[in-house]
Enquirer: 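Please read through the structure below; I'll follow up with questions.
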Amino acid sequence: MKLVTCGLPYANGKLHVGHLRTYVPADVYVRYLRLMGEKVVFICGSDCHGTPIVVNAEKEGLKPQELVDKYHEHFKRVFKALNVEFDFFGKTTESYHHERTREFVKKLAENGYIYKKEIELAYCENCNMFLPDRYVEGICPYCKTPARGDECDQGCGRHLEPGEILEPKCKICGNKAVFRKQMHYFFKLTAFQDFLEEYLSNLSGTENALNYARQWIGNLKDWCITRNLDWGVRFPLDESLVLYVWVDAPIGYISFTEKATDDWRKIWLEGKAEIIHFIGLDIAYHHCIFWPAMLKGANYALPSAVIASGMVKIEGKNLSKSRGYVVWVEDEYLKAGFNPDYLRYYLVNYTSHDKDLNFSWDVFREKVNNEIIATFGNFLFRILSFVWKNFGVVSMEVDREILSKIEETKNKIVNAIKKWEFKSASDAVMELASFGNVYFQNSKPWELLKSDKAKTMKVVANCLQIVKALLILSYPIMPKSMEKVAGTIGINLGNCSIDDVLKVDEKIEVKKPDLPFKKIENEEIEPLKKAIQEKFCEKNESEVSIEEFRKMDFRVGKIVSAQKIEGSKKLMKLVVDIGSEKRQIVAGIAESYSPEELIGKLVVVLANLKPAKLMGVESRSMILAVDVEGKPILLTPEREVKPGEKVK
RNA sequence: GCCGAGGUAGCCUAGCUGGUUGGGGCGACAGACUCAUAAUCUGUAGGUCGCGGGUUCAAAUCCCGCCCUCGGCACCA
């Protein structure tokens with residue numbers, strides 16, 4: 001028995017093509033396993049807790065529960081439309097999940113893996129709530145640069161103990177925050193060091209996930225698993241607190257399994273099933289480190305494989321919701337009326353599962369028209385309509401070579417699926433269709449028909465066997481379309497096993513076939529391409545309006561301190577006084593300037609540049625310089641001016 | 001910087017536990033065919049497999065160095 005899970009979508013936004021890169025291959029995998037006769041339980045659900053949901057609900061004028069319900073319904077709709085069929089799709093706000101989570105955490109506590117510690121936390125008196133780290137901003141007490149939460153992320157990189165940060169501000173309302181002492185609870189992750197090392201060396205799955213996890217193994221820290229929030233699963237040892245989302249979310253895998261099957265004890269308690277997690281690479285840490293430690297600590301069964309999908313790019317660019325490099329599944333893809341199977345095929349066939357996948361409308365159209373339709377769909381249709389017109393019923397007599405070709409394809413697919421190589425599996429399907437086209441072409445049954453009908457029937461029987469095999473073998477990838485075609489030759493794909501591809505029926509009756517697929521016309525994708533292009537152009541106008549220029553906050557700054565960044569040739573870490581504050585800036589000027597000659601220098605900085613991390617050190621602005629043959633020369637005011645003066 | 005992934009014909013991509021002429025697709029060109037959604041089939045052109053060294057009888061494939069691109073650097077879902 002196998003349990004297959006997918007990373008829980010966070011109920012805070014709509015599904016885009018990037019999400020589907022995990023869910024569609026998982027569904028394809030499950031369908032193939034079932035075709036091979038495996039017993040599989042397939043579950044997923046909405047991840048509903050956490051501060052972002054509370055904050056976003058407020059923004060949208062909804063209660064957290066309403067926001068979560070809205071996206072939960074959206075997820076269910078989209079999965080249904082794409083035929084991603086979970087045995088159970090749950091929700092972490094449900095009581096059964098809360099109960100399972102509390103049970104789990106109690107067990108962890110009983111086993112001695114939870115301890116309490118008094119810490120100081122920022123509290124916003126205006127918002128009337130304790131602030132999670134990501135909603136606190138202030139100044140680092142060591143280097144005086146702006147810092148966030150528990151880390152001086154722009155300056156010295158030091159970890160800040162609760163209460164250390166100076167001038168804490170609430171990021172939600174901007175008001176001053178205060179510190180209050182409070183008891184919180186920690187999960188002793190450090191106790192699992194040896195266990196995890198051993199566990200990870202045996203864990204199977206895609207290399208990308210395993211590699212990612214291994215780099216953290218020597219550097220574990222205990223996790224604070226409680227939060228001050230009303231929204232979430234109540235912490236059983238202190239009902240005034242709520243569990244951190246990453247504690248309760250993965251436990252959803254257990255609670256949803258309980259709802260999906262009576263076998264859940266066998267799976268999660270007795271270790272009598274393989275547990276396979278499909279995830280996006282971004283949550284590999286939680287699934288390869290945190291989650292196994294929790295399971296071990298609470299005496300549950302351990303996952304045997306973690307399958308991480310690569311990233312999705314849109315038109316060659318990194319997916320970005322704010323920049324418009326995104327394709328929404330419901331509002332764009334489905335609304336345009338495309339067959340969901342096209343997207344399923346694309347996601348599975350574009351490249352290996354753990355590599356980056358580029359989604360481009362042009363490539364989409366080409367792949368669909370050339371592969372699904374011209375090669376695969378056309379073979380099905382040309383055979384079925386040929387049979388229907390000339391025979392109606394065919395007595396099946398199939399050549400050995402044909403059967404061995406089918407068997408070869410079947411074996412390729414079985415082997416590929418076992419290794420999570422979905423591209424290879426779908427390539428094998430296409431190859432068989434192509435083989436069918438060549439066979440039909442070379443046999444010229446349309447000519448043969450004029451002289452020898454009996455011989456023609458033999459050719460046709462061979463082709464029909466290939467058709468049947470294709471339907472069964474591609475059913476997991478394109479379930480909806482294949483079911484439709486299967487009706488024409490009277491087979492029920494739901495009852496088929498993979499070995500049926502080699503079974504030869506006595507007779508096959510063919511009804512009038514319909515076109516299995518509709519071609520994608522250029523006009524259909526033009527508007528979708530344009531939508532992405534336009535957003536791209538907005539960001540890339542070569543002419544800049546005065547309004548746009550005014551958005552740039554250039555200011556004079558005075559360099560307060562400078563030091564080279566260890567290990568870097570060019571980078572220098574500067575603290576610059578820009579009047580209102582002292583900023584940490586990383587600049588690539590170490591080859592031209594020494595730290596000593598920089599201190600006291602006046603420079604021009606772009607004060608509202610989006611922060612970025614360079615070599616792990618955050619830079620909050622940029623210093624303007626002229627680049628002469630690769631060497632920077634700083635711009636400096638011609639006379640002495642006060643730091644913070646605006647440059648226009 | 002550290003860790004990871006990758007650099008293969010105009011474009012995308014397979015191969016990478018070393019071994020027969022580096023596969024496939026798109027696009028281009030030529031031809032065949034008409035059962036089929038101008039589909040299919042056959043053929044042609046196009047590659048110093050990032051660069052430099054090394055190991056070997058033999059390297060895209062193993063080792064070393066370098067260059068370039070992308071991603072991650074965590075308790076942020």
Side-chain angles (χ1 to χ4, degrees), chain A residues 7-13 47-53 132-135 148-151 153 157 186-187 189 207-216 219-225 227 244-247 249 280-286 289-290 310-311 313 316 318 349-352 354-356 358 360 362-363 366-367 369-371 373-375 377-390 421 423-424 427 430-431 433-434 436-449 456 459-460 463 513 515-519 565-569 571 613-617:
Chain A
L8 309 186
Y10 197 52
N12 194 27
D47 177 11
C48 305
H49 298 311
T51 317
I53 282 185
D133 290 331
R134 57 186 302 212
Y135 290 106
R148 186 180 52 158
D150 61 350
E151 191 196 0
D153 55 349
F186 288 75
F187 173 56
L189 185 61
E207 282 298 315
N208 55 353
L210 303 179
N211 285 337
Y212 186 84
R214 285 180 190 129
Q215 69 179 299
W216 294 113
N219 194 19
L220 300 175
K221 277 185 196 166
D222 292 344
W223 282 41
C224 178
I225 55 165
R227 296 290 128 110
Y244 174 49
V245 247
W246 268 114
V247 174
L281 197 54
D282 52 337
I283 53 176
Y285 177 84
H286 305 88
I289 303 275
F290 193 47
M311 294 292 149
K313 293 179 175 238
N318 288 331
N349 187 265
Y350 184 89
T351 190
S352 316
D354 57 355
K355 290 193 179 150
D356 285 356
N358 183 33
S360 148
D362 280 323
V363 179
E366 269 171 22
K367 274 185 93 71
N369 287 352
N370 294 330
E371 297 169 29
I373 299 176
T375 302
N378 181 241
F379 176 71
L380 300 179
F381 187 67
R382 76 195 292 201
I383 300 305
L384 296 176
S385 51
F386 188 85
V387 173
W388 179 71
K389 276 183 198 158
N390 301 303
E421 285 167 2
K423 177 172 172 55
S424 307
D427 278 346
M430 284 300 144
E431 199 199 306
S434 188
N437 275 324
V438 173
Y439 174 76
F440 191 79
Q441 191 82 11
N442 292 343
S443 307
K444 298 192 169 115
W446 57 90
E447 238 169 55
L448 202 57
L449 188 65
T456 312
V459 170
V460 157
C463 290
L515 279 178
F517 301 105
K518 192 175 148 278
K519 259 181 97 159
I565 290 182
E566 243 172 83
S568 163
K569 274 184 261 175
L571 295 184
K613 267 195 182 177
L614 302 168
M615 267 179 70
V617 182

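To find a chain, count down the sequence lines: A is the first, B the second, and so on, and within it residues start at 1.
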Enquirer: Could you check A/V438 against A/P9 and say which one's nearest nucleotide on RNA chain B is further toward the 5' end?
Expert: A/V438

Enquirer: Who does B/rC62 pair with, Watson-Crick or G-U, both distances under 3.5 Å?
Expert: B/rG54

Enquirer: Should A/Y285 be counted as stacked on B/rA74, where stacking needs a ring-centre gap under 5.5 Å and an angle between planes under 30 degrees?
Expert: no

Enquirer: Between protein and nucleic acid, restricted to nucleotides 31-35 of chain B and to nitrogen or oxygen atoms under 3.5 Å apart, what atom pairs and distances do you find?
Expert:
| from | atom 1 | to | atom 2 | distance (Å) |
| --- | --- | --- | --- | --- |
| B/rC35 | O2 | A/R382 | NE | 3.2 |
| B/rC35 | N3 | A/R382 | NE | 3.4 |
| B/rC35 | N3 | A/R382 | NH2 | 2.5 |
| B/rC35 | N4 | A/R382 | NH2 | 2.9 |
| B/rC35 | N4 | A/Q441 | OE1 | 3.4 |

Enquirer: Might you work through the ring pair (Phe, Tyr, Trp, His ring centres under 6.0 Å) test for A/W223 and A/F290, ending with a clear yes or no?
Expert: CA-CA 9 Å; A/W223 282 41; A/F290 193 47; 3.8 Å; yes

Enquirer: So, is A/K519 close to the B/rA38 phosphate, meaning a side-chain N or O under 4.0 Å from OP1 or OP2?
Expert: no

Enquirer: For B/rG4, which nucleotide in any strand shown is its Watson-Crick or wobble partner with both distances under 3.5 Å?
Expert: B/rC70

Enquirer: If I pick the P atom on B/rU34 and the same atom on B/rC41, what distance separates them, to the nearest angstrom?
Expert: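 Rounded to whole Å, the distance is 16 Å.
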
Enquirer: Does the structure show a Watson-Crick or G-U wobble partner for B/rA39, both distances under 3.5 Å? Name it, or say none.
Expert: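 Check on B/rA39: unpaired, no WC or wobble geometry under 3.5 Å.
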
Enquirer: Between B/rG27 and B/rU42, how far is it from one P atom to the other, in whole Å?
Expert: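 Nearest-Å result for B/rG27 against B/rU42 at atom P: 16 Å.
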
Enquirer: Nearest whole angstrom, please: distance from the P of B/rA36 to the NZ of A/K518.
Expert: 21 Å

Enquirer: Would you name the heavy atoms of A/Y10 and A/G50 that are closest together and state the gap between them?
Expert: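 What the structure gives for the nearest pair is OH-CA, 3.5 Å.
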
Enquirer: Tabulate protein N/O versus nucleotide N/O from nucleotides 6-12 of chain B, keeping only pairs under 3.5 Å, one per line.
Expert:
none

Enquirer: Let me know the distance between CG of A/N370 and C1' of B/rU37, rounded to the nearest Å.
Expert: 12 Å

Enquirer: Could you run down the sub-3.5 Å N/O contacts of the protein with nucleotides 68-72 of chain B?
Expert:
| from | atom 1 | to | atom 2 | distance (Å) |
| --- | --- | --- | --- | --- |
| B/rC70 | O3' | A/N318 | ND2 | 3.4 |
| B/rG71 | OP1 | A/N318 | ND2 | 2.2 |
| B/rG72 | O2' | A/Y212 | OH | 2.9 |

Enquirer: To the nearest angstrom, how far is A/L189 atom CG from B/rC75 atom P?
Expert: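 Spelled out: CG on A/L189 to P on B/rC75 is 14 Å.
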
